[in-house]
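Worksheet: the structure to be examined is printed underneath.
Computation of the quantities below employed the complete heavy-atom set of this structure, encompassing side-chain atoms and omitting hydrogens, waters and symmetry-equivalent molecules. Each chain gets a letter, A, B and so on, in the order the sequences are listed, and its residues count up from 1.
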Amino acid sequence: MSRPAQTPDGPGVKAADPVVLGLDGLDALITKLSESGYEVKGPVSRGGAVVPGSISGVDDLPAGVHDEQSPGGYRLAQGDDGRLFAWAVGPGSWKGEFFPAHQEVWRARASDEAIEFTEAAREAAPLAIVGARPCEFRALEVLDRVLKDGAYRDPRYADRREAAFVAVVECASPASTCFCTSMGTGPGIEGGFDLALTEIDDEGGHRFVVRVGSEDGSEMLDSVPSTKADAGDLEARARVLEGAAANMGRHLQTEGLAGLLARNMDHPRWSDVGERCLSCGNCTLVCPTCFCSDVHDTTDISGESSRARVWSSCFDLDHSYLHGGAVRASCSSRYRQWMTHKLSTWWDQFDTSGCVGCGRCVTWCPVGIDITEEAAFIAASDGATRVSPPSTRGGS
Amino acid sequence: MKTMDELLSTHPFMADLDADALAIVAGCSRNVVFEPGELLCVEGESADTFYLIRRGHVSLDVHAPGRGPVVIETVGPGAVVGWSWLIPPYRWTFDARAKSRVGAVAIDGACLRGKAEMDPALGFALLSRISKELLSRLQATRLRLLDLYGGRDER
Amino acid sequence: MSARTLHEDASTGVSSHRGAGSLTPTMHRVVERIRETGDVVTLCLEPVSGGRLDFLPGQFNMLSVFGVGEVAISVSGAPRDPGPLRHTVRDVGAVSHALSESAVGDLIGVRGPFGSDWQIVPVNAGAAADPRDVVVVAGGIGLAPLRGAVHELVAAHREGGGRVFLLVGAREPSQIVFNDDLEAWARDGAKVMVSVDRATPKWPGRVGLVTTLLGDAGFDPANVRAMLCGPEIMMRFTARALVDMGVDPGAILVSLERNMQCGLGWCGHCQLGPLLLCRDGPIVAYAGLVSQLLSERER
């Protein structure tokens, strides 16, 4: 939980000074979190992808794992270096830890006289994440605006989110599909986290520069073996971030983008992308901010009934169902809904972009549709309409 | 007692028509009253008149064996009843029946056609007004064809 | 410019009329079931554990049928009526069918109320009644979300509020809902006009699209506010006709509908462009953005 750290306003207060952890220090941090009652999760290599999983020490982290990403492509490769965070984001975002794909809300048993509701049990232990990327952390803050800080607080999401401890690991290895620099969400991070780590593997050794963002972060570092970060460590961190920013695979021009899309709802590009899009919903499943859900009621054979909240996608025909038919019946209208929501109407609804530039939707699209390319195309042909206006020139 | 020019000028159909044109139309017009149930037009008969409704309501009917008169539409004050006088063979397609006591201005179609042929500007002014009325009635009819309230719930 | 913004400015204070942020309903019992037409019933509900759900005309609740599901239904009662909570339901889908079939004594789950309202200042709130004419245009069962509003408006008219013009469109005479109310409102000074698309031999009234009633209703276009509820096409054309008559687009409210699954702004289904209709709607001002959204396809 991210209570802000005390600002050092006098000598002797060292809590917010960056420190350096070795692999043993990181291992000790994971142990400390676990002993403090957290369920600790981090990135693990499983099924050919880096995904969130339970960890009990550094040995569970994906050492030497690298990834290659492209539109419609994702491959892991095993390197012989020992770096733990030398990959970009995989298909599983941290969204699912707070807003599960299927979440029972209540069960109910009916008699003639009454219906008794039993609220579904919640996770007993608070969650600690070690190794969320800055873009993913910002994605959680985007979700917070929908499920925690909006008109209604969703207690399932909000309680778990507020209790969570997040140690972010800054990004050193963006993928070809990444564009966090365009969205202002990475590769580094300033504020909001409990701890922010930067993995450095240079002549000075394999180590982590750790900055403290909260009292909890400071507390968890307390008994962990660490040294004070020196100027060389901080310079090394800066070089990592500069290198990552320079290797960013993609770019999205965000200046004026919300307005651009809002005034191009009839652009012919929507029909074009509608021809390519399979309406499979992969992009919404891997997206760390997509929040659409269905409310499902079911009854089992014993007569007990339950209500669950289940992820849904605006690419489903039923998403816009209105007694009799779907409002967004065409694939192009569903793609338009998804993309304009991310980049334009999200601002109207939640005063933020709905996109953090993690590039997952590009990588995991089976036909490689690229949101940055679609936006750039529309920007380059601003004002085009579906049907060309008739020529005003003379002639027969 | 209002003059025919005054009666005409207060009807929306004639709104903003200049005084000279009004006087010409007035020369083809007379003030009429229909009691409830009386027919303004009869299907199949020669169409030589049209009506500017001032008061009361008129139903446009078609009679069907075993069903009696089927009302297709009702129109009220401000409406125009009758276009068949405009286009050959000048024959009414529907019955028009007074549902309540109806006050109207009846305009002689043959008379007006003659005046319009002599004065194309007047003809254009009148045809524009008739087209506008026709268009709004056609659009309303098309929307009714959608059966708006039928298949879908409106909450 | 959303209705939500209007709301927060309104003196009625909406916060007290928003339901709890929970997916768990409170149980209500059906105390009366009124058949309105062949496929429309009104359910009168009382909470099992007492109390009364506070709402504003135009707001909606999520109604649950145990084991079947949940659906958004506007409240069709009036805050000024002390009786049970009323919802008028048309049998169009699995849940609305189960609701329609429910009997007196059955248990129904209620969550809400949610969403914006018709922005009527009740005359007993101490504020002066709005002196403007008000034209209410309802199509089909679209009269249900307006019923409470018309009750309030007719009462306000007796206290010096503006004249009330209620224009009702229905497919055919047998599908006109709330006939008793229509008569009562007319007795109490409202001008009530009903038009059907398809007449039966005994139908004595108007035949034609509901918009054809606008012309001879007799309200003052320069000093009128309008409330529209019905099929989206009907509202679109009615709003345009009103604007053509000279009515200020900002004085026209429409009740919009999209798929609603949570009522809480969490599920994303009820988006209409920048609007989340459970939060920013269902009742929104027609002017500007909304008139544009209604013209666009597949939003």
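When side chains are defined from C-beta on, A:Arg156 counts as touching C:Leu23, because their heavy atoms get closer than 4.5 Å. Taking the side chain as every heavy atom from C-beta outward, C:Ser22 and A:Trp106 never approach each other to under 4.5 Å. Residues A:Tyr152 and C:Phe114 form a side-chain contact, since some pair of their non-hydrogen atoms from C-beta on lies under 4.5 Å apart. Within the 4.5 Å cutoff, the side chain of C:Trp266 has heavy atoms near those of the A:Arg309 side chain. A 4.5 Å side-chain heavy-atom check between A:Asp266 and C:Arg297 finds every atom pair outside the cut-off.
Each of A:Arg334, A:His341, A:Glu304, A:Glu119 has some count of heavy-atom pairs under 4.5 Å with chain C, and the biggest count is that of A:His341. No other option in C:His269, C:Gln292, C:Gln261, C:Met27 has as many heavy-atom pairs under 4.5 Å with chain A as C:His269. With chain C as the partner, the residue from A:Leu147, A:Val105, A:Asp318 showing the most heavy-atom pairs under 4.5 Å is A:Leu147. If you tally non-hydrogen atom pairs under 4.5 Å between each of A:Cys314, A:Ala114, A:Ser344, A:Ser305 and chain C, the highest count goes to A:Ser305.
Using a 4.5 Å cut-off between heavy atoms, C:Val71 makes no contact with chain A at all. Using a 4.5 Å cut-off between heavy atoms, C:Arg29 touches chain A through its side chain atoms alone. If you measure heavy-atom distances from A:Asp300 to chain C, you find no contacts under 4.5 Å at all.
Across all their heavy atoms, C:Asn259 and A:Ser320 have their closest contact at CB-C, 4.3 Å. Residues A:Leu322 and C:Arg258 share a closest heavy-atom pair of CD1-C, 3.5 Å. What you find for C:Glu298 and A:Ala329 is that their closest heavy atoms are OE2-N, 2.7 Å.
Note: A:Asp348 CG to C:Leu289 CG = 8.0 Å, rounded to the nearest 0.5 Å.
Between A:Arg307 and C:Glu70, at least one side-chain nitrogen of the basic residue sits less than 4.0 Å from a carboxylate oxygen of the acidic one, meeting the salt-bridge criterion.
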Task: CA sep, side-chain torsions, deciding dist, call: A:Cys292, C:Gln271, side-chain contact (heavy atoms from CB on, under 4.5 Å) - done: CA-CA 10 Å; A:Cys292 284; C:Gln271 287 180 71; 4.3 Å; yes
TODO: Go through the steps to decide whether C:Arg299 and A:Val327 satisfy the test side-chain contact (heavy atoms from CB on, under 4.5 Å), and finish with yes or no.
DONE: CA-CA 7 Å; C:Arg299 292 299 296 271; A:Val327 174; 5.9 Å; no
